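These numbers were taken from a predicted model, which means no experiment stands behind them.
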Amino acid sequence: MAFSLDLATPVNTALLIYILYSVQNVVFPPISTPKEVPHEFKRGYSWMPKYHAPTVLFQTYTPKTLAPFDGKNGGRILLAINGIVFDVTAGRNFYGPEGMYGNFAGRDASRGMAKQSFDVEMLTPIDQPLDKLEDLRPDEIENMRGWIEHFSNKYVVCGKLVENDTM
């Protein structure tokens, strides 16, 4: 029993042409370039963003060097919790000058986050030593750790906070 291909019938000829055309499109897909750069996601990430996100370097900050990063004049917004400095610029509505937690911008927010108090009294003056947080209760320390975990998942860690006289 031998295999024979009879191209004399029109159905076999049409079927062979269709198979060859399909194989050609799989092996050699058509290449088309878009006429304009797309501005939204449609079929994949094949387009470039309008601008590259700024590069953030891990730095060591003191309360005095952290203070200018309070978001005023559209600048970056940094805050520290238990020695970890977070770039919260993406949360400008919350941590910016007009935000509900704007008093934490450019400051060490450890005590305020631990005590769930967003009052200015929770902030250590920038010319004073860092708050050692020794008088916090275990539940307040756990609360502060929860905030650190939340911030670590949401914002970029961009540095550490040290005493004013160490730099």
Please round to the nearest 0.5 Å and tell me the distance separating atom [atom1] of [X] and atom [atom2] of [Y].
X: N82; Y: M144; atom1: CG; atom2: CE; value: 4.0 Å
X: M122; Y: R107; atom1: CE; atom2: CZ; value: 13.0 Å
X: C158; Y: L79; atom1: SG; atom2: CG; value: 9.0 Å
X: I126; Y: N164; atom1: CD1; atom2: CG; value: 7.5 Å
X: L66; Y: Q59; atom1: CG; atom2: CD; value: 10.5 Å
X: K154; Y: F86; atom1: NZ; atom2: CZ; value: 12.5 Å

Give the cluster check for [X] versus [Y]: same hydrophobic cluster or not, with ILVMFWY residues linked at side-chain heavy-atom distances below 4.5 Å.
X: I81; Y: V156; answer: no
X: V11; Y: I17; answer: no
X: F58; Y: F69; answer: no
X: L133; Y: Y61; answer: no

[Y] and [X], any side-chain heavy atoms less than 4.5 Å apart:
X: I148; Y: I84; result: yes
X: L123; Y: N103; result: yes
X: R92; Y: I77; result: yes
X: D139; Y: E142; result: no
X: P63; Y: L161; result: yes
X: R76; Y: V88; result: no
X: L20; Y: Q24; result: no

Do D108 side-chain atoms and S110 backbone N/O form a donor-acceptor pair below 3.5 Å? yes
Quick one: does S117's side chain have a donor or acceptor within less than 3.5 Å of a partner on M113's backbone? no
Please determine whether the number of non-hydrogen atoms from other residues, nucleotides or ligands lying under 6.0 Å from atom [atom1] of [X] exceeds 12.
X: F94; atom1: CZ; value: no
X: Q128; atom1: CD; value: yes
X: Y21; atom1: OH; value: no

Please report the closest heavy-atom contact between [X] and [Y], naming both atoms and the distance.
X: T62; Y: E163; value: CG2-O, 3.4 Å
X: G75; Y: T89; value: O-CG2, 4.5 Å
X: L78; Y: D87; value: CD2-CA, 3.5 Å
X: K160; Y: V85; value: C-CG2, 3.7 Å
X: V162; Y: T166; value: CG2-OG1, 3.0 Å

Flag the pair F151 / Y95 as yes when their ring centroid distance falls below 6.0 Å, and as no otherwise.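 Ring-ring flag for F151/Y95: true, centres closer than 6.0 Å.
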Parallel, tilted or perpendicular: which describes the rings of W147 and F118, with under 30° parallel and over 60° perpendicular?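 It falls in the perpendicular class, over 60°.
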With Y18, which residues qualify under side-chain contact (heavy atoms from CB on, under 4.5 Å), at least two apart?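 With sequence neighbours excluded, Y18 shows a side-chain contact (heavy atoms from CB on, under 4.5 Å) to S22, given in chain and number order.
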Who passes salt bridge (Lys or Arg N to Asp or Glu O under 4.0 Å) against D135, sequence neighbours left out?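 If we apply the salt bridge (Lys or Arg N to Asp or Glu O under 4.0 Å) test to D135, skipping adjacent residues, the hits are R111.
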Considering only NZ, NE, NH1 and NH2 on the basic side and carboxylate oxygens on the acidic side, decide whether K64 and D127 come within less than 4.0 Å.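 Judged by the 4.0 Å cut-off on N to carboxylate O distance, K64 and D127 do not form a salt bridge.
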